[in-house]
Amino acid sequence: MERAQQGPRARYREQTRAEIKNLALRQLTEGGGGALALTRIAKEMGLSGPALYRYFASRDDLLSALIRDAYDDAAAAMARAAARSARGSRGGRARLHDLAAAYRAWAIAEPHRYLLIQGDPVPGYVAPADTLERARAVLDPFLPLFAAGNPGPAVAGTVEEMAAWLAADETVGAWVARYAPDAVGPDAKAGEAGNVVRAGQTGAVVEAGAVGEPEADGRDGEARAGGVDRAASALAGAVLAWTQLHGSVSLEVAGQFAGMARGRCWPGPSCTAR
């Protein structure tokens, strides 16, 4: 409806911006963020340099648009996975596995866009402030799941660090409250949390399948606060899950698992390219 209401000039501008971004993504595929060159894009489109700058003011402006799009698409994929997983009676363990699988699937399907937002920074580029909120949106579905679990001793230090972060940055507390409102419910102060995912007994990382199962009355652990900072626990679980996913998925996207498992290619873009 919104597109139909646009005038011809606005539609042409939108189409031209989309074409520029598609060509920029092709450059990223060929050579990474450092290969992005507006002059090459202008030449391919039959535009002059000054004409191209009417659509994107600079290389950094174009990079920012690509980064915003990538974060938004990744967040949408995670939200869809969370919605599918929430249907039925799947427990917290299974739902975390679903989210992890969705994160990996998006990265494998969009390797160069994934590396644009999660790989090495482009030299000289500084992302605008609004990309931070978009980056957090990718982790949104993890917060309510970890808020419903129980913290183990292995993550106690991380929970304390997250509590300090919440106290120092109101925007972080607002983020947690928006997606895990039970973590700052009537039995917890704003910026506090409660039950997080139980860590594996042998390590300092949170296992994807270690989320506490929901209570029989459906309150998902609200009655099990037990003095634990629930918002900090939810945040700690989401951050630890992300670090694990980021590490393994980034290695796979970069092709570092190729040739493993007795010479068989690890599933990923490096395999499908063969």
Visitor: For Leu96 and Phe146, what are the C-alpha separation, side-chain angles and deciding distance, and is it a side-chain contact (heavy atoms from CB on, under 4.5 Å)?
Guide: CA-CA 9 Å; Leu96 273 179; Phe146 282 99; 3.6 Å; yes
Visitor: Any side-chain heavy atom of Val138 within less than 4.5 Å of one from Trp242?
Guide: no
Visitor: Mind checking the NE2-CG spacing from His112 to Leu66? Nearest 0.5 Å is all I need.
Guide: 13.5 Å
Visitor: Assess the residue pair Leu63 and Leu116 against the criterion (side-chain contact (heavy atoms from CB on, under 4.5 Å)); give the C-alpha distance rounded to whole Å, side-chain angles, the decisive distance to 0.1 Å, and a yes or no.
Guide: CA-CA 9 Å; Leu63 266 176; Leu116 177 64; 3.8 Å; yes
Visitor: State, yes or no, whether a side-chain contact exists between Leu23 and Gln27 at a heavy-atom distance under 4.5 Å.
Guide: no
Visitor: Rounded to the nearest 0.5 Å, how far does CG of Asp69 lie from OG of Ser64?
Guide: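 Answer for the OG-CG pair, Ser64 versus Asp69, is 11.0 Å.
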Visitor: Would you name the heavy atoms of Ala102 and Ala81 that are closest together and state the gap between them?
Guide: CB-CB, 3.4 Å
Visitor: Show your reasoning for whether side-chain contact (heavy atoms from CB on, under 4.5 Å) applies to Val159 and Leu235.
Guide: CA-CA 8 Å; Val159 173; Leu235 192 57; over 6 Å; no
Visitor: Identify the heavy atoms of Pro128 and Thr131 that sit nearest to each other, and give their distance.
Guide: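 Where Pro128 meets Thr131 most closely, the heavy atoms are O-OG1, 2.7 Å.
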Visitor: Less than 4.0 angstrom from a charged side-chain N to a carboxylate O is my criterion; do Glu19 and Arg13 meet it?
Guide: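 Answer for the salt bridge query: no.
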Visitor: Is there a path of hydrophobic side-chain contacts, each under 4.5 Å between heavy atoms, that joins Tyr114 and Leu132?
Guide: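 No: no chain of side-chain contacts under 4.5 Å links Tyr114 to Leu132.
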Visitor: Glu44: which residues meet the salt bridge (Lys or Arg N to Asp or Glu O under 4.0 Å) condition with it, sequence neighbours left out?
Guide: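 For Glu44 the salt bridge (Lys or Arg N to Asp or Glu O under 4.0 Å) partners, ignoring immediate neighbours, are Arg26.
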Visitor: What is the distance from atom CH2 of Trp175 to atom CG of Asp140, rounded to the nearest 0.5 Å?
Guide: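 Trp175 atom CH2 to Asp140 atom CG measures 6.5 Å (nearest 0.5 Å).
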Visitor: Donor-acceptor pairs under 3.5 Å, side chain of residues 46-60 to any protein atom, not counting sequence neighbours: which ones?
Guide:
unit_1, atom_1, unit_2, atom_2, d
Ser48, OG, Ala51, N, 3.2
Ser58, OG, Asp60, N, 3.4
Ser58, OG, Asp61, N, 3.1

Visitor: Rounded to the nearest 0.5 Å, what's the gap from CH2 on Trp165 to OG1 on Thr171? Could you check?
Guide: 8.0 Å
Visitor: Indicate yes or no: at least one non-hydrogen side-chain atom of Arg113 is less than 4.5 angstrom from one of Asp73.
Guide: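 Heavy-atom side-chain distance check passes, below 4.5 Å.
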Visitor: Provide the closest heavy-atom pair for Ala86 versus Arg95 in the form atom of the first, atom of the second, distance.
Guide: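 The answer is CB-NH2, 3.9 Å.
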Visitor: Excluding sequence neighbours, so at least two apart, what forms salt bridge (Lys or Arg N to Asp or Glu O under 4.0 Å) with Arg68?
Guide: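 Expected list: Asp130.
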Visitor: Are Val239 and Phe142 close enough, and set up right, to give a side-chain contact (heavy atoms from CB on, under 4.5 Å), and what steps lead you there?
Guide: CA-CA 9 Å; Val239 169; Phe142 288 99; over 6 Å; no
Visitor: A side-chain contact here means heavy atoms from C-beta on lying under 4.5 Å apart; do Arg104 and Ile108 qualify?
Guide: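 Arg104 reaches Ile108 side chain to side chain.
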Visitor: Determine whether Pro141 and Tyr179 make a side-chain contact, defined as any pair of heavy atoms from C-beta on separated by less than 4.5 Å.
Guide: no
Visitor: Could you measure the distance from the CG atom of Leu38 to the CE atom of Met45? Nearest 0.5 Å is fine.
Guide: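 Reported to 0.5 Å precision, the distance equals 10.5 Å.
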Visitor: Closest approach of Ala180 and Ala147, non-hydrogen atoms and distance?
Guide: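 Minimum heavy-atom separation between Ala180 and Ala147: CB-CB, 4.2 Å.
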Visitor: Can you see which heavy atom on Leu245 is nearest to which on Ala100, and at what distance?
Guide: CD2-CB, 3.7 Å
Visitor: Of all heavy-atom pairs between Trp106 and Ala77, which one has the smallest distance, and what is that distance?
Guide: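 Scanning both residues completely, I find the closest heavy atoms to be CD1-CB, 4.0 Å.
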Visitor: Scan Arg84, Arg90, Arg87 and name whichever one has a salt bridge (Lys or Arg N to Asp or Glu O under 4.0 Å) with Asp98.
Guide: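 That would be Arg90.
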Visitor: Please round to the nearest 0.5 Å and tell me the distance separating atom CG of Leu166 and atom CD of Glu161.
Guide: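 If we round to the nearest 0.5 Å, Leu166:CG and Glu161:CD are 12.0 Å apart.
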Visitor: State whether the number of non-hydrogen atoms from other residues, nucleotides or ligands found under 6.0 Å of Tyr125 atom OH is greater than 12.
Guide: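 Yes, the 6.0 Å shell around OH holds more than 12 heavy atoms from other groups.
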